[in-house]
Amino acid sequence: MSQFDMVVLNGMAVLPGLGPQQVDLGIKDGKFAAVADRLSGADGSDVVDAGGRLVLPGAVDSHSHIGIYRPFSADALSESTSAVAGGTTTMISYFRTGTHYLNKGGSYRDIFPEVLGLSAGNFRCDYSYHVAPMTNAHLDEISWLIDQGVGSFKLYMFYKSLTLSSDSAKGKEYAMSDDYDLGFLYEIMERVAAEAKARNRRISLSLHCENPELIRPYLARAKAQGLAGLEAYSNARPPLSEELAIEEAVVLSHAAGCAVNLLHLSSGAAVTKGIEVKRRYPDDDILLEATLHHLMLNWDNAGGRLGKVNPPIRTPHDQEVLWKALLDGHIATVVSDHAALTKDKKEGDFWAAWPGFGGTGFLYPVLLTEGVQRRGMSVARAVELASTNSAKYFGLYPRKGAIALGSDADLSIVDMETLRPVTVESLHSAQDFCPFEGQRFAGWPVVTIVRGQVVFKDGAPRGVAGGQFLRRA
Ligand SMILES: [Zn+2]
């Protein structure tokens, strides 16, 4: 009988506080059971030879949208395959009622169990959910949702226009919401803050920060001029709308004492505002998040309308401000905002084309190539941004986000030597296009392991979809 179910030999494992270390790993019952100077092949029933490569804790992609545009269970399977192909071993996905997703409104007491049912047996990685209260009735379900293992919530600030616009009936129908305004936002913050205090842990509210009242005239002008394309889209939803929304959000979160996650800061102005409000309220819990696409894409390289996303793709200057904020330590998490859809949804009238696209399979490759190899970021910092910090902020640490004794044995062994161009096939997704196509990255996984099981190896998924729902506590 071997001592361990699996040993990972000859790797440079990134350990908490120590960075890359030449150690061998023993895995038993799905957890790290040894981090040792030397183990032998005889110590494990299975032996994985890392061949001197980096061994990273599996990425925790804390912003994705499983099931938003495609049938839920099929999307969970195809897009979690994309995740493990890129070294992501945990996805935290946003869910809301309304148009898209399950295309219905109603009580989360009915709908959340349905989401878990559609998820079970369809994920190759482990998963958890953030949930967006959309109606006043949902406010009374926040506490119940936390009991179900949901530790974070969301509000889409730009949906406010849906309920305030001249066609508010249509907007309310889309969101299946009622008073979706700053008052509603404040009420969510009060509830979330009270729950966090009562349970003595971080329970947070994620915010999509774009102000719709400001988008309204800019959007009307762009349409009136007959413009289309990513530059017009960016001008129609200008950085000023992000700045204003951040300002509104943090004035309220400061008053409510609510922890907030400022999602996908896309512009230099938004990042600068985010850094400013953290300085203004040093005791407040404010997380700044960046996405792969705002770091890597601009109007010229995002594949035109295929790169339509909210908030929009900006300029190379905005990319530089984002990278600087990452390297300076202001931004805590890098995520994909993965929302898989097919090319036909991007066709037709530019303004009606669906926003978003996938990218969870590039989380480590982007940070290791553009961050580490090209911009001098440490490997340890890349691991914090892709894995450890998301686990910590969203109540999964130290079970996830670390190669450490007792943590889940989630890891990815990556090849830092081979630069490979991004192709649609390299996504391993149901998406039939990719705005990153043609960019060249290293850091692709050779093997990805979830709780001691090989889930991706040598370019193909392995085994069954054994991902588990993670209750956050
Ligand atoms: Zn998103």
**Asked** Are Thr448 and Arg124 close enough, and set up right, to give a side chain to side chain donor-acceptor pair (under 3.5 Å), and what steps lead you there?
**Response** CA-CA 11 Å; Thr448 302; Arg124 290 189 188 275; over 6 Å; no
Classify the ring geometry of [X] against [Y]: parallel below 30°, tilted from 30° to 60°, perpendicular beyond 60°.
| X | Y | value |
| --- | --- | --- |
| His293 | Phe357 | perpendicular |
| Tyr233 | Phe350 | perpendicular |
| His264 | His63 | tilted |
| Phe95 | Tyr129 | perpendicular |

Looking only at heavy atoms, what is the nearest atom pair of [X] and [Y], with distance?
| X | Y | result |
| --- | --- | --- |
| Gly401 | Val60 | N-CG2, 4.3 Å |
| Trp444 | Gly361 | CZ3-O, 4.0 Å |
| Met157 | Ala249 | SD-CB, 4.0 Å |
| Ile275 | Ala325 | CD1-CB, 4.2 Å |
| Ala50 | Val55 | CB-CG2, 4.0 Å |
| Ala232 | Leu227 | CB-CB, 3.7 Å |

Please confirm whether the backbone N or O of [Y] pairs with a side-chain atom of [X], one donor and one acceptor, at under 3.5 Å?
| X | Y | value |
| --- | --- | --- |
| Thr88 | Ala59 | no |
| Asp61 | Ser336 | yes |
| Ser426 | Val422 | no |
| Ser64 | Ile92 | yes |
| His65 | His338 | no |
| Asp328 | His330 | no |
| Ser80 | Ala83 | no |
| Asp75 | Phe72 | no |
| Arg305 | Gly348 | yes |
| Asp410 | Gly58 | no |

**Message:** Would you say Arg314 and Ser266 are linked by a side-chain donor-acceptor pair, where the criterion is simply a distance under 3.5 Å?
**Reply:**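 Indeed, the side chains of Ser266 and Arg314 share at least one donor-acceptor pair under 3.5 Å.
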**Message:** For the residue pair Asn310 / Glu210, report whether a side-chain donor-acceptor contact shorter than 3.5 Å exists.
**Reply:**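 No donor-acceptor contact under 3.5 Å links the two side chains.
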**Asked** Is it the case that Arg96 places NZ or CZ above or below the six-membered ring of Tyr159, under 6.0 angstrom from the centre and within 45 degrees of the axis?
**Response**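 Cation-pi check for Arg96 and Tyr159: fails.
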Going by heavy atoms in the side chains, are [X] and [Y] under 4.5 Å from each other?
| X | Y | value |
| --- | --- | --- |
| Ser93 | Tyr127 | no |
| Val383 | Tyr364 | yes |
| Thr89 | Asp408 | no |
| Thr388 | Pro16 | no |
| Pro311 | His208 | yes |
| Val131 | Val115 | no |
| Arg237 | Tyr218 | no |
| Arg399 | Leu396 | no |

**Item:** Derivation of the side chain to side chain donor-acceptor pair (under 3.5 Å) call for Thr342 and Arg70
**Value:** CA-CA 9 Å; Thr342 45; Arg70 303 178 59 253; over 6 Å; no
Nearest-0.5 Å distance that lies between atom [atom1] in [X] and atom [atom2] in [Y]:
| X | Y | atom1 | atom2 | result |
| --- | --- | --- | --- | --- |
| Leu240 | Leu214 | CG | CG | 5.0 Å |
| Asp432 | Glu425 | CG | CD | 10.5 Å |
| Glu437 | Gln439 | CD | CD | 11.0 Å |
| Lys324 | Thr272 | NZ | OG1 | 9.5 Å |
| Asp179 | Phe184 | CG | CZ | 8.5 Å |
| Asn235 | Leu219 | CG | CG | 11.5 Å |

**Residue pair Val379, Leu56: steps toward the side-chain contact (heavy atoms from CB on, under 4.5 Å) verdict** = CA-CA 9 Å; Val379 172; Leu56 311 173; 4.2 Å; yes
**Request:** Please check if the distance between the ring centroids of Tyr108 and Phe112 is under 6.0 Å.
**Result:**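 No, the ring of Tyr108 stays outside the 6.0 Å limit from the ring of Phe112, centre to centre.
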**Evaluation steps, salt bridge (charged side-chain N to carboxylate O under 4.0 Å, His left out), between Glu276 and Lys273** = CA-CA 5 Å; Glu276 182 201 317; Lys273 175 60 75 178; 3.5 Å; yes
**Prompt:** When you look at Arg280 and Glu247, which way does the salt bridge (charged side-chain N to carboxylate O under 4.0 Å, His left out) test go after all the steps?
**Reply:** CA-CA 11 Å; Arg280 188 196 310 164; Glu247 191 67 48; 2.8 Å; yes
**Asked** Counting heavy atoms not belonging to Lys345, are there more than 12 under 6.0 Å from its NZ?
**Response**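 Count over threshold, so yes.
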**Steps toward ring pair (Phe, Tyr, Trp, His ring centres under 6.0 Å) verdict (Phe394, His130)** = CA-CA 9 Å; Phe394 294 105; His130 317 272; 5.1 Å; yes
**Item:** CA sep, side-chain torsions, deciding dist, call: Leu326, Met377, side-chain contact (heavy atoms from CB on, under 4.5 Å)
**Value:** CA-CA 9 Å; Leu326 266 193; Met377 178 185 283; 4.2 Å; yes
**Prompt:** Would Arg381 and Glu384 count as a salt bridge (charged side-chain N to carboxylate O under 4.0 Å, His left out) if you check the C-alpha gap in whole Å, the side-chain angles of each, and the deciding distance to 0.1 Å?
**Reply:** CA-CA 5 Å; Arg381 175 74 179 143; Glu384 283 174 8; 3.3 Å; yes
**Message:** Could you go through Val14 and Ile403, starting from their C-alpha distance and side-chain angles, then the distance that decides it, and tell me whether this counts as side-chain contact (heavy atoms from CB on, under 4.5 Å)?
**Reply:** CA-CA 7 Å; Val14 179; Ile403 295 176; 5.5 Å; no
**Request:** Go through Leu341 and Lys346 one step at a time and tell me if the side-chain contact (heavy atoms from CB on, under 4.5 Å) criterion holds.
**Result:** CA-CA 9 Å; Leu341 75 176; Lys346 297 282 192 188; 4.1 Å; yes
**Message:** Walk me through whether Tyr94 and Ser206 qualify under side chain to side chain donor-acceptor pair (under 3.5 Å).
**Reply:** CA-CA 10 Å; Tyr94 283 95; Ser206 293; 2.7 Å; yes
**Asked** Going through the checks in order, is the side chain to side chain donor-acceptor pair (under 3.5 Å) test met by Asp318 and Thr315?
**Response** CA-CA 5 Å; Asp318 293 292; Thr315 68; 2.7 Å; yes
